[in-house]
Each structure stands twice: as C-alpha cells, then as structure tokens.
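Have a look at the structure below, then the notes.
In what follows, every heavy atom counts, from backbone to side chain, and hydrogens, waters and symmetry copies are set aside. Lettering follows sequence order; numbering is per chain, from 1.
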Number of protein chains: 2
Amino acid sequence: MAHGIDEVARVAGVSTATVSRALRGLPNVSVATRERVRSAAAQLGYVASPSAASLASGRTRTIGLLTPWVNHWFFSNVIEGAEQALRAQGYDALLHTFEVSRKVPRLRVDPDVLRRRVDGILVVGFPLDDSEVVSLLGLGHPMIFIGSSVPGQVTVRLDDLATGRTATQHLIDLGHRRIGHISGSPDDITPFSPPVARRRGWLAALADAGIPADPQLEVHGHFDLDGGRESMHQLFRQCPDVTAIFAASDEMAMGAILAARDLGLQVPQDLSVVGVDGHDLGELVRLTTMVQPAVEEGAKAATLLLELIAGGAVPGDVVYQTTLLDRGSTGPPRAAHGM
Amino acid sequence: MAHGIDEVARVAGVSTATVSRALRGLPNVSVATRERVRSAAAQLGYVASPSAASLASGRTRTIGLLTPWVNHWFFSNVIEGAEQALRAQGYDALLHTFEVSRKVPRLRVDPDVLRRRVDGILVVGFPLDDSEVVSLLGLGHPMIFIGSSVPGQVTVRLDDLATGRTATQHLIDLGHRRIGHISGSPDDITPFSPPVARRRGWLAALADAGIPADPQLEVHGHFDLDGGRESMHQLFRQCPDVTAIFAASDEMAMGAILAARDLGLQVPQDLSVVGVDGHDLGELVRLTTMVQPAVEEGAKAATLLLELIAGGAVPGDVVYQTTLLDRGSTGPPRAAHGM
DNA sequence: CTGTTAGCGCATTCAT
DNA sequence: ATGAATGCGCTAACAG
C-alpha cells in the first residue's frame with residue numbers, strides 16, 4: 001500500500017518524471033498518458049510523500065497559523081475560515097499557539113519553529129512587536145496579519161476606528177453622555193492594534209458630539225469575560241454616574257453585563273452595553289454589538305497569502321466594515337427617560 | 001542564514017553525523033563536542049530541515065488533529081490543550097477540519113491527506129464510522145480518540161453515563177418528575193458516542209427513581225445554540241408539563257434557556273436546566289452544568305499519543321469524571337413549591 | 001565516541 | 001510530450 005513513484009511509473013509504463021508531472025497537473029502531458037498515470041496511482045493507492053516533495057521542490061504546501069489562543073471567539077473563527085480555505089487549495093495548516101498567559105509576559109515568538117517548515121504565515125489577531133516581525137520576515141516567507149495591522153505588512157482587518165465611532169455614536173444617539181470604554185490591557189497594545197483604534201473611535205465620536213473625554217471613564221483589563229467584569233466594577237467605582245459602555249470585544253461586554261448584574265443593575269435601563277464581534281452567545285444577554293465576519297476574514301487572508309505565494313503582486317490591505325446589531329442591551333439612559 | 005548541516009559540521013570541525021547526533025540529544029556524543037556543535041549551529045542560525053529529516057528518518061514529528069470544527073467550545077479547548085502539549089515535546093500540530101455542515105451529510109474522512117504526513121492522529125470529538133476508522137488505521141499510525149470512544153481504540157473521554165445520571169439525579173432531587181432531554185441529531189449518533197451515553201444516564205436515573213420514561217420528553221437537534229433552542233420549543237409543544245431539562249451540551253442548554261425566554265418562562269422557576277461542559281459563558285444565564293476538563297483532555301490525549309509513538313505499551317482508556325456546578329439554572333418545580 | 005557512506009522519494013533540469 | 005540523470009538535506013547503518 002505504501003508505494004513509491006517508480007512503482008506507479010512502472011505500472012503506467014512511463015518514467016517517474018512523467019508521473020510527477022501528470023499527477024501534479026502540469027502541462028505538457030498528453031491526455032491519454034495523464035489518465036493512465038492517474039489510474040495506476042489510484043490502483044496502487046499512491047500519494048506523493050510530502051517530505052520528499054518538499055525536499056526536492058523547496059515548497060511545503062503548508063501554512064503556519066500563528067495565534068495566541070484557539071479557544072476564543074475571534075481566533076477560533078478566523079482559524080476555521082483560514083483552515084478551510086487552505087485545505088480547499090491543497091494546503092495544510094500548521095497550528096502554532098504562543099502562550100499568552102495573564103500572569104507572565106508572553107514568550108517572544110521564535111521563528112525557528114517555522115523555519116523551512118511552511119510556505120507562508122498567517123498571524124492571527126496579535127500584534128507582534130517590531131523585532132518579532134523582523135525575525136519572522138527573516139524566514140523569507142510571505143506573511144499576512146489578521147486583525148492587527150503591522151506597518152508595511154499586508155493586513156486583513158476591521159475598520160476599527162469606524163467601529164468604535166459607530167458604537168459610541170449609537171449610545172450618544174440614545175441620549176447617553178457618560179459613556180465608558182473598556183479595552184485591553186495596556187501591555188497588549190501596540191500603536192496599530194485594534195483596541196487602540198477602537199478607543200480612538202470612541203474618543204472621536206465623543207469629540208464630534210461635543211462631549212468632554214473623561215480619563216476616568218476608560219478602563220483596561222484582560223480581553224475576556226472576567227477582564228470585562230473586573231473592568232466594569234472598577235469603572236463603576238471611578239464613575240458611579242456612567243450610563244453606557246462601549247467594550248472592545250463581546251466577551252468583555254458580557255463581562256460588563258455580569259458586573260452590572262453583580263450590583264443589581266438592569267441592562268439597558270441602568271446601563272447600556274455595546275460590544276464588538278457578533279458572538280453567537282451574545283444573544284443570551286441580548287448583547288448589542290458590532291458584527292464582524294471572522295470566518296470570512298480568515299478565509300480571505302488565506303486566499304491572499306496563497307496568491308502571494310503563487311507570485312502574485314502584493315495586495316493592499318483588506319478592511320471590513322462592521323455592522324451594528326441591536327439585540328437590546330442598549331437603550332436611553334434613565335436620566336433621559338423624560339426626554 | 002539558511003545553512004546546511006555540513007556548514008555546521010565544518011565550523012564545528014566534526015562530521016555531519018556528529019552534528020545530527022549532537023543536535024538531537026542522542027547519546028554517545030562527548031560533552032565538549034556537543035557544546036561545540038551547539039554553538040556552531042547557533043552561530044549559523046542552523047535549524048534542521050524538517051522535510052529532509054522526515055525523508056531520511058521516516059518520522060515527521062507532526063500530529064494530525066482531526067476535528068469537525070475548531071469554533072465550538074469543546075473542540076477549541078481540546079485543541080488548545082493538545083497543541084500545547086505537542087509543542088512542549090517538539091511536535092507540530094497539523095489541523096484538519098472535515099466539514100460537518102448541517103445541510104448535507106458530511107464528507108467521508110479521506111486518509112490520503114494525512115498519508116506520510118504525520119506520526120500519529122488525534123480524533124477530536126467525532127465518532128467516525130467503522131470504515132473510516134479502518135481507513136485511518138490503514139495509514140499505520142497510532143491514533144487516539146478524544147470525547148468519543150471507538151471500540152478497540154484508545155480513548156480519552158468522560159464518564160458520560162455517570163454525567164447523565166448525576167445531572168438527572170440533581171433534577172430529581174429537586175422534586176422534578178417531568179424531566180426532558182435534549183440530545184444530538186440521530187444521524188450524529190453512533191453506538192459509542194457521548195450523546196448516547198448521556199441519554200442512557202438520563203434514562204438510568206429516571207428508572208432508579210421509579211419515574212416512567214416518556215419518549216415524548218426526548219428531542220434531538222443540532223449540537224449548538226440554535227439546535228437547543230429549536231429542540232426546546234418542540235419539547236414544550238410535545239410536553240407542556242415539562243419542568244426540567246437535561247441538555248447534552250451547554251450550548252444546547254443555553255438554547256433551551258432562550259426558548260424558555262421566548263415563551264416568557266422563568267429559569268429556574270418555570271424550567272430548570274442543566275447542561276454539560278462548564279462553558280465559561282454559561283455564567284451569563286447562570287447555567288448549572290456538569291464540568292469537564294476539556295483542555296486537560298486534549299493535553300492528556302496528546303501525551304498518551306506521543307508515548308505510543310515512542311513505543312510505549314497501549315494505554316487503557318482515560319475516563320474523566322464531571323462535577324456538578326450549580327450556578328442557579330436549576331431549582332424546585334413550581335408544582336413542588338409547597339412540598 | 002566519531003567518521004564514511006548510502007539512501008530516503010521525490011522534483012527538476014536537460015536532453016530528445 | 002517524454003525520459004535519464006542529478007540532487008534536495010538529512011538520518012542511520014556500519015565501521016573504526
């Protein structure tokens with residue numbers, strides 16, 4: 001069952017070179033020959049050894065998926081989309097998570113683990129610092145960033161500024177003026193990461209509406225449920241008069257809702273909450289959110305990467321717009337009820 | 001920067017064989033030599049080509065992760081645990097999802113995509129049918145199943161029977177007698193899959209309590225939020241007197257809670273709900289659940305697989321117990337309030 | 001403990 | 001359109 005290319009060649013009555021060409025769909029093989037080779041291969045259950053093919057060709061037909069986690073909404077959905085798009089083109093997805101613990105600073109990404117192992121790299125949702133990007137580029141492979149833009153690198157991402165602005169504007173339109181913002185930890189933030197842009201959108205919307213920015217209305221925490229919950233509690237302590245929250249992710253937004261519940265407050269009567277993502281489970285708390293197409297982002301990035309590998313021109317960034325999904329966690333502030 | 005093994009050999013003043021041995025930590029290399037080789041390799045930035053090493057050795061140091069999805073709670077957590085355990089041992093994780101659409105029957109798993117590409121296979125949470133198992137075994141690699149047992153194959157899984165029994169007993173203890181069950185679609189079910197065992201646990205607990213089983217109290221749907229919601233609606237139609245639900249997964253349980261909400265019913269006053277998983281977001285609806293250690297299951301399975309690959313004896317199945325986490329979605333039935 | 005040698009199984013020239 | 005020959009970069013016997 002574990003036959004080699006020469007067995008196929010013998011059965012088909014051709015040379016190994018012809019088998020190689022026929023099976024890979026290269027031109028300059030007669031239809032008849034190709035068919036004969038195909039059936040011989042099928043009959044023998046022959047599949048080319050990826051190792052041998054890689055060694056000989058220098059290509060691995062494998063893409064490295066670099067991500068901090070797979071068990072978070074955005075990441076798992078992007079990976080889902082990317083893996084399917086890659087496989088549709090005959091590429092393998094090599095999953096590589098780098099530990100991002102909340103205790104210790106994360107380890108630096110070590111390019112060696114991907115050396116000579118992949119044809120390209122997809123970096124999912126995590127802004128690497130300059131030296132890490134440089135070291136990865138040193139591998140000599142095309143690389144695309146998803147969800148976090150890196151200067152000079154191809155990126156597939158959201159219009160985070162507009163996202164923050166729209167979410168905040170939605171709250172302003174409802175009559176809120178004390179609108180808080182929950183974002184990621186400062187140490188997670190590079191100048192080009194989504195949290196920063198979403199925050200700028202928040203500030204921009206406030207400024208446009210002539211609402212003064214209050215530093216006390218801004219809290220940073222971990223990018224998950226507990227982080228959102230803790231951040232919201234801190235925000236309540238700092239600003240008891242806060243009436244609305246724009247959280248940089250749905251999980252944080254849901255955490256904020258839990259914090260409100262901890263204090264016996266009603267959503268949206270006592271606190272309006274809007275998040276970012278379009279997490280399915282947001283429905284549980286009627287979370288209003290800015291929906292992003294995470295699976296499609298992953299698939300799109302994978303497709304672009306394969307085009308780059310195939311020698312295509314360097315594409316421009318792909319920027320997706322989010323859409324507001326009002327499920328009910330936002331409403332007019334209590335103080336504005338009489339308006 | 002892309003140096004070969006012979007460059008390292010030249011710089012270190014040894015043969016390529018010694019370089020290979022030294023760098024891989026094999027015995028029979030003097031400390032001094034090993035150190036000299038190491039520094040030469042470091043200086044040149046040398047990392048062995050995986051393709052060449054695989055071709056020469058027959059081993060790939062790669063494990064195939066076979067899973068229907070990555071964007072569901074159980075799967076992403078198992079994968080997270082497995083990938084980290086694999087990487088800690090220097091193994092790569094090749095992610096391979098096979099499309100499980102709710103529209104069309106899923107494609108059969110094609111072993112060819114993993115042929116000569118991996119040293120072992122982890123099948124996550126999906127019971128393959130006999131012929132698929134046979135074809136995968138034909139690849140000649142060790143294989144471990146996580147979350148779904150397959151006769152004759154090593155498995156890491158839950159005690160699903162006890163899980164179903166304990167969850168149901170919890171409801172019985174609260175005074176419920178009309179206890180429904182929401183499970184996966186019949187076509188998803190093989191005789192050894194978790195849904196079947198959880199259902200048997202449900203039936204066993206009912207039988208133990210002398211409560212007659214009513215087929216109308218059982219509904220099958222898709223294993224996700226919408227599936228749970230639809231199933232619960234159907235159950236309400238079939239049995240308006242149902243007071244409690246044991247759902248085979250947290251996502252389905254949360255769907256059931258949404259269905260109750262759709263009808264204006266209170267949880268747990270009008271409907272008690274218990275799920276299985278320990279999904280973090282269950283907190284949003286105070287979901288009571290049977291907690292399982294998904295990350296650990298993935299890591300354990302990965303470790304066992306590597307031991308098998310290293311030539312260890314075939315291990316017995318690893319069976320985890322779940323623990324009841326009462327977050328509030330269960331309580332006495334209305335009719336029993338006076339008890 | 002270390003060096004020599006022979007492949008591993010293909011893709012790819014260069015012929016024809 | 002096809003074949004013959006070469007080598008990708010390393011591991012594994014074997015020899016010493």
Item to check | A:Ser54 side-chain N/O to D:dC8 phosphate OP1/OP2 under 4.0 Å | outcome: no
Next on the checklist: It should be established whether A:Arg24 places a side-chain nitrogen or oxygen under 4.0 Å from OP1 or OP2 of nucleotide C:dT12.
Outcome noted: yes
Next on the checklist: Please classify the nucleic acid contact of A:Ala17 as base, sugar-phosphate, or nothing, using heavy-atom distances under 4.0 Å.
Outcome noted: base
Next on the checklist: With a 4.0 Å cutoff (strictly under), does any side-chain N or O of B:Arg59 reach OP1 or OP2 of D:dA12?
Outcome noted: yes
Item to check | Length of the line joining B:Arg36:CZ and C:dC1:P, which is rounded to integer Å | outcome: 14 Å
Checklist entry - Between D:dT2, C:dT12, D:dG9, which nucleotide gets closest to the side-chain atoms of A:Thr33? => result D:dT2
Checklist outcome for this item: Separation of C:dG7 atom P from A:Asp6 atom CG, nearest Å, is 14 Å
Checklist outcome for this item: Walking DNA chain C from its 5' end, the first of B:Ala52 and B:Thr16 to be reached, judged by nearest nucleotide, is B:Thr16
Item to check | Interatomic distance, A:Leu55 CG vs D:dG9 P [rounded to whole Å] | outcome: 7 Å
Item to check | Beyond-backbone contact of A:Asp92 with A:Leu86, side-chain heavy atoms, under 4.5 angstrom | outcome: no
Checklist entry - For B:Arg21 and B:Ala56, take the nucleotide of DNA chain C holding the closest heavy atom to each; which residue's nucleotide lies nearer the 5' end? => result B:Arg21
Checklist entry - Taking CD from A:Glu35 and C1' from D:dA1, how many angstroms apart are they, rounded to a whole number? => result 17 Å
Next on the checklist: Just the rounded figure in Å: distance from P of D:dA13 to CG of B:Asn28.
Outcome noted: 14 Å
Next on the checklist: I'd like to check B:Leu308 versus B:Leu304 (side-chain heavy atoms, cut-off strictly below 4.5 Å). Are they in contact?
Outcome noted: no
Checklist entry - Do any side-chain nitrogens or oxygens of B:Ser20 fall under 4.0 Å of OP1 or OP2 in D:dT11? => result yes
Checklist entry - OP1 or OP2 of D:dA1 sitting under 4.0 Å from any side-chain N/O of A:Ser30? => result no
Checklist outcome for this item: Here the distance between atom P of C:dT12 and atom CD1 of A:Ile5, to the nearest Å, is 11 Å
Next on the checklist: Does the plane of the ring in A:His72 sit parallel, tilted or perpendicular to the ring in A:Trp69? Use 30° and 60° as the thresholds.
Outcome noted: parallel
Checklist entry - Touch check for B:Arg34, heavy atoms < 4.0 angstrom, all strands: base, sugar-phosphate only, or nothing? => result nothing
Checklist entry - Between B:Arg10 and B:Glu7, is there a side-chain N and carboxylate O pair less than 4.0 Å apart? => result yes
Item to check | Nearest-angstrom distance from the residue atom CZ of A:Arg10 to P of D:dG3 | outcome: 15 Å
Item to check | B:Ser51 vs B:Ser54, side-chain hydrogen bond (donor to acceptor under 3.5 Å, both in side chains): CA-CA, chis, key distance, verdict | outcome: CA-CA 5 Å; B:Ser51 309; B:Ser54 296; over 6 Å; no
Checklist entry - Has A:Ser57 got a side-chain N or O lying under 4.0 Å from the OP1 or OP2 atom of C:dA11? => result no
Checklist outcome for this item: From CG of B:Leu26 across to P of C:dT2 the rounded distance in Å is 13 Å
Checklist entry - Is B:Thr18 near enough to C:dT2 that one of its side-chain N or O atoms lies under 4.0 angstrom from OP1 or OP2? => result no
